[in-house]
Amino acid sequence: GVQTLLQLLPPQVFSQDHTNKRISWTVPCVQIEDKPRFRWRGLHIDPARHFQKKEDVLRFIDTMVLHKFNVLHFHLTDDQGWRIEIKQYPKLTEVGAWRKEDGFGLDPKALSFFDEKGRYGGFYTQKDIQEIVAYAAARYITVVPEIEMPGHALAALAAFPELSCTVGPFEVACGGGIFKDVYCAGNDQVFEFLDNVLAEVIELFPSKYIHVGGDECPKDRWKNCPKCRQRIKDEGLKDEHELQSWFISRIERFLNSKGKTIIGWDEILEGGLAPNAAVMSWRGMSGGIAAAKAGHDVVMTPTSHCYLDYYQAKGNEPKAIGGFLPIETVYSLEPVPEELTEDQKKHILGVQGNLWSEYIPNLSHLEYMAYPRACALSEVAWTPAEKRD
Ligand code: ACM
Ligand code: ZN
């Protein structure tokens with residue numbers, strides 16, 4: 001309601017400087033009945049690739065609030081960095097939060113997070129996380145943490161190489177790519193580790209959903225690992241895709257036992273979807289359609305409309321990861337596919353814009369990439385389809 005009132009103010013209210021000059025303004029006298037079309041109106045940020053300090057995350061939340069977003073998807077771990085303090089495993093941040101250098105070739109002047117040894121990175125203490133979650137909650141935003149598995153795990157494996165199939169050694173990745181070294185699915189220690197990590201994570205995040213990643217996990221190591229092959233045999237699985245499905249289902253059982261629901265990228269459909277999982281459909285909408293047809297909840301975030309790390313204009317833009325996604329295309333998204341039945345359509349929880357940060361080193365750049373396209377996505381998330389033009 002307050003955000004709607006703010007939107008009724010004349011634009012000059014927002015362009016006043018902060019002098020004590022008295023200004024007056026009026027708003028129209030109106031009665032508004034309004035409600036959001038979708039329950040999940042999300043933006044995703046990626047401090048794993050370039051760390052974003054706590055104050056910048058809070059500031060990002062402020063702008064989300066103005067646009068009535070209500071979910072912040074917090075991508076906390078990846079090959080290039082582990083960003084959340086875990087008390088039981090201090091090495092995760094002592095080793096995993098830092099890399100030798102930026103590695104993405106960005107302008108050094110844009111980078112600020114180096115430690116005393118000159119390593120590049122950073123992490124949130126549990127106190128920082130509590131502050132971010134509380135700040136968001138006070139503004140009706142739920143923070144959904146993502147702890148990536150089984151792939152995109154090199155930062156964790158740099159700290160604990162024994163959790164991989166080859167036992168390493170590894171370094172935190174400098175630069176992008178899809179790395180072949182992932183958590184070993186045949187090693188019970190991996191699940192002990194992940195359960196312990198997740199146990200601390202769920203204490204910090206009241207969110208019903210915990211994101212477990214699941215995307216882009218190469219199966220090369222699993223194919224050649226005796227422990228992984230033994231697991232496939234013992235569990236009666238067909239192949240490595242079913243092994244990934246088994247992995248995610250194993251984690252789901254733990255999180256369900258703690259009252260949490262898992263959500264993962266659409267690769268978690270391959271080899272069979274975990275029984276209660278929600279799906280984040282990113283490689284187009286087809287994963288989301290398949291999941292909704294199977295009775296699972298879905299967040300639509302297709303690269304075609306929601307990847308706000310793509311170029312937003314032609315011409316002299318700062319370096320981005322690729323693609324081309326102008327604001328008109330974002331605005332044109334219809335998140336509920338026609339081919340679903342009325343009951344299946346109810347499984348579409350909403351939409352989310354993703355701000356992968358390989359080429360986004362700081363808050364001003366993050367805001368440049370997010371807005372104004374997130375304004376368009378905000379309307380997709382809030383406004384009934386027939387009211388959009
Ligand atoms: C993704 O963009 N790899 C989910
Ligand atoms: Zn293995």
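Both backbone and side-chain heavy atoms feed into the values below; hydrogens, waters and symmetry mates do not.
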- Message: When you measure from the side chain of Q80 to the backbone of V172, do you find a donor-acceptor pair of N or O atoms at a distance under 3.5 Å?
- Response: no
- Any side-chain donor near an acceptor of the partner, N362 and D56, under 3.5 Å: no
- In terms of the angle between their ring planes, are Y120 and H50 parallel, tilted or perpendicular, with boundaries placed at 30° and 60°? perpendicular
- Message: With no hydrogens and no angle check, just 3.5 Å: does a side-chain donor-acceptor pair link D309 and Y359?
- Response: no
- Message: Looking at V71, is its backbone amide N or carbonyl O close enough to the side chain of R41 to form a donor-acceptor pair, meaning the two atoms are under 3.5 Å apart?
- Response: no
- Message: Quick one about Q230 and D234 (side-chain donor to acceptor, distance below 3.5 Å, no hydrogens or angles considered), yes or no?
- Response: yes
- Task: Determine whether the side chains of D62 and Y135 contain a donor N or O and an acceptor N or O closer than 3.5 Å.
- Result: yes
- Item | SB check R250 D188 (cutoff 4.0 Å) | no
- Query: Can we say R59 and E367 salt-bridge, meaning some charged N sits less than 4.0 Å from an Asp/Glu carboxylate O?
  - Reply: yes
- Output yes when D239 and K223 qualify as a salt bridge under the 4.0 Å nitrogen-oxygen rule, no when they do not. no
- Message: Taking the ring centre of each residue, are Y209 and W40 less than 6.0 Å apart?
- Response: yes
- Go through the structure and list residues passing ring pair (Phe, Tyr, Trp, His ring centres under 6.0 Å) with H296, not counting sequence neighbours. none
- Query: How about W382 and H67: are their ring centres within less than 6.0 Å of each other?
  - Reply: no
- Item | Under-4.0 Å salt bridge between R283 and E270 | yes
- Item | Nearest heavy-atom neighbours spanning L325 and R373 | O-NH1, 2.9 Å
- Message: Is it the case that the side chain of E334 and the backbone of V336 share a donor-acceptor pair, with hydrogens and angles ignored and the cut-off at 3.5 Å?
- Response: yes
- Message: Hydrogens and angles aside, do W282 and E267 bring a side-chain donor and acceptor to less than 3.5 Å of each other?
- Response: yes
- Task: On the 0 to 90° scale, with breaks at 30° and 60°, tag the H44-W265 ring pair as parallel, tilted or perpendicular.
- Result: perpendicular
- Item | ring-ring contact (aromatic ring centres under 6.0 Å, His included) assessment of F170 paired with F179 | CA-CA 11 Å; F170 307 108; F179 297 90; over 10 Å; no
